[in-house]
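First the structure, in the form of structure tokens, and then the observations on it.
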There are 2 protein chains.
Amino acid sequence: MALAHALLAALHQEPGTGYELTRRFELSMGNFWQASHQQIYRELGRMAQQGWLELQLQPQQGKPTRKVYSVTTEGLAALRDWLQQPQPPAVLRDDLLVKLYAGAENPAAVQAELLRHRALHADKLATYQALAAGCFACPQDLPRAEQFIYLTLRAGLSYERQWLAWCDETLSALQELG
Amino acid sequence: MALAHALLAALHQEPGTGYELTRRFELSMGNFWQASHQQIYRELGRMAQQGWLELQLQPQQGKPTRKVYSVTTEGLAALRDWLQQPQPPAVLRDDLLVKLYAGAENPAAVQAELLRHRALHADKLATYQALAAGCFACPQDLPRAEQFIYLTLRAGLSYERQWLAWCDETLSALQELG
DNA sequence: AATACCATGTAAAGAGTTACATGATTGG
DNA sequence: CCAATCATGTAACTCTTTACATGGTATT
């Protein structure tokens with residue numbers, strides 16, 4: 001049920017529609033949680049039924065009615081309750097490392113894939129750095145709640161930097177292996 | 001279908017039973033792939049039906065028959081084929097970061113959870129370091145295929161070291177936030 | 001006597017992915 | 001005119017988790 005809690009956290013920060021949440025899960029939250037619009041719409045429906053969210057309809061001309069969700073008192077209580085429950089660390093399931101494990105079968109293919117991933121991580125890192133320099137230029141001046149959000153961005157930076165460094169280290173090890 | 005490929009990689013390194021694979025997925029491979037025994041037994045059955053694995057039965061007295069799986073020529077071909085196909089980087093879905101995102105609702109709870117995770121990461125790091133010092137003391141003397149496996153262990157080390165450092169950094173940021 | 005380990009599975013529920021589907025508006 | 005963006009959803013499928021189930025052996 002963690003998608004539900006991620007949605008609670010997002011909607012508690014600011015109410016929004018399924019579509020907007022999909023965007024947010026691609027940008028700021030996408031850093032540590034990924035969800036497709038199908039998942040989000042389904043989950044929002046469930047959560048509204050459960051009483052965690054309330055729905056405000058905003059009809060528009062020529063467009064589907066906007067369904068703006070916001071967190072109810074029960075929803076906030078559920079979020080607070082969940083914050084106190086210990087959770088195991090995220091599980092890692094990484095194709096690239098499976099490939100490296102069997103890398104002796106085709107070192108060139110693995111090397112190519114490492115280079116590709118290196119580029120993807122470098123891109124993400126650049127995106128996060130731009131975000132940090134832009135919206136979070138002076139973190140100590142931010143409202144309190146946003147300082148916590150800034151700390152999640154720092155996690156993204158640290159995560160991408162680590163993979164980038166590991167790709168480089170591994171590529172040179174492969175060079176030496178020949 | 002990536003569990004299938006992780007199993008191919010594991011069984012290509014050395015044939016084994018579902019139970020043994022479950023152990024291996026807890027130890028060396030658990031570093032980058034996690035799978036429960038239920039998943040593993042089911043997937044092994046499917047893969048055998050598909051012709052990727054062959055099965056050798058070793059009856060035992062007083063115990064269930066051991067079912068030792070090994071990779072067939074088709075299985076190896078499937079693994080080699082998969083090695084060449086580009087794959088997106090692993091997705092991260094981390095409860096802890098969702099909690100931090102909503103951390104303003106209960107900073108103390110988040111701090112406690114960070115400390116708990118810090119300890120878990122420190123434990124894992126120690127386990128990997130012991131493995132590196134033990135089985136992989138002289139990596140350059142290892143057989144070629146195991147040098148690739150060693151590189152996946154280095155990923156685990158890097159990953160845990162990064163989370164540990166991030167936990168520390170974030171904990172001191174929380175101190176300052178008060 | 002109890003716990004842990006070996007060794008295998010089934011069933012059901014929950015979460016996530018992929019494909020399909022619609023229709024207006026805006027920018028190049 | 002085509003592609004992208006806004007905005008919503010359904011259906012089918014796959015993958016993962018949790019719970020249930022059995023039974024012998026070894027250790028404390």
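Note on naming: letters A, B, ... go to the chains in the order of the sequence lines (proteins, then strands), and numbering restarts at 1 for each one.
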Could you tell me if A/His117 and B/Gln87 have a donor-acceptor pair between their side chains, going purely by distance under 3.5 Å? no
Quiz question: by atom type and distance under 3.5 Å, do the side chains of A/Tyr101 and B/Gln13 form a donor-acceptor pair? yes
Round to the nearest Å and state the distance from [X] atom [atom1] to [N] atom [atom2].
{"X": "A/Leu27", "N": "D/dT5", "atom1": "CG", "atom2": "P", "value": "12 Å"}
{"X": "B/Leu44", "N": "C/dT8", "atom1": "CG", "atom2": "C1'", "value": "12 Å"}
{"X": "B/Phe25", "N": "C/dA7", "atom1": "CZ", "atom2": "P", "value": "18 Å"}
{"X": "A/Arg24", "N": "D/dC6", "atom1": "CZ", "atom2": "P", "value": "14 Å"}
{"X": "B/Ile40", "N": "D/dT16", "atom1": "CD1", "atom2": "P", "value": "11 Å"}

With B for base contact, S for sugar-phosphate-only contact and - for none (protein heavy atoms under 4.0 Å), nucleotides 9-18 of chain C reads BB----SBBB
Does A/His5 have its ring centroid less than 6.0 Å away from the ring centroid of A/Trp33? no
Does B/Tyr19 make a side-chain N or O approach to OP1 or OP2 of C/dC6 shorter than 4.0 Å? yes
Within 45° of the ring axis of A/Tyr19 and under 6.0 Å from its six-membered ring centre, is that where the NZ or CZ of A/Arg23 lies? yes
Any donor-acceptor pair under 3.5 Å linking the side chain of A/Asn31 with the backbone of A/Thr152? yes
With heavy atoms under 4.0 Å as the rule, sort A/Thr17 into base, sugar-phosphate or nothing. sugar-phosphate
Salt-bridge criterion met for A/Arg66 and A/Glu20 (N-O under 4.0 Å): yes
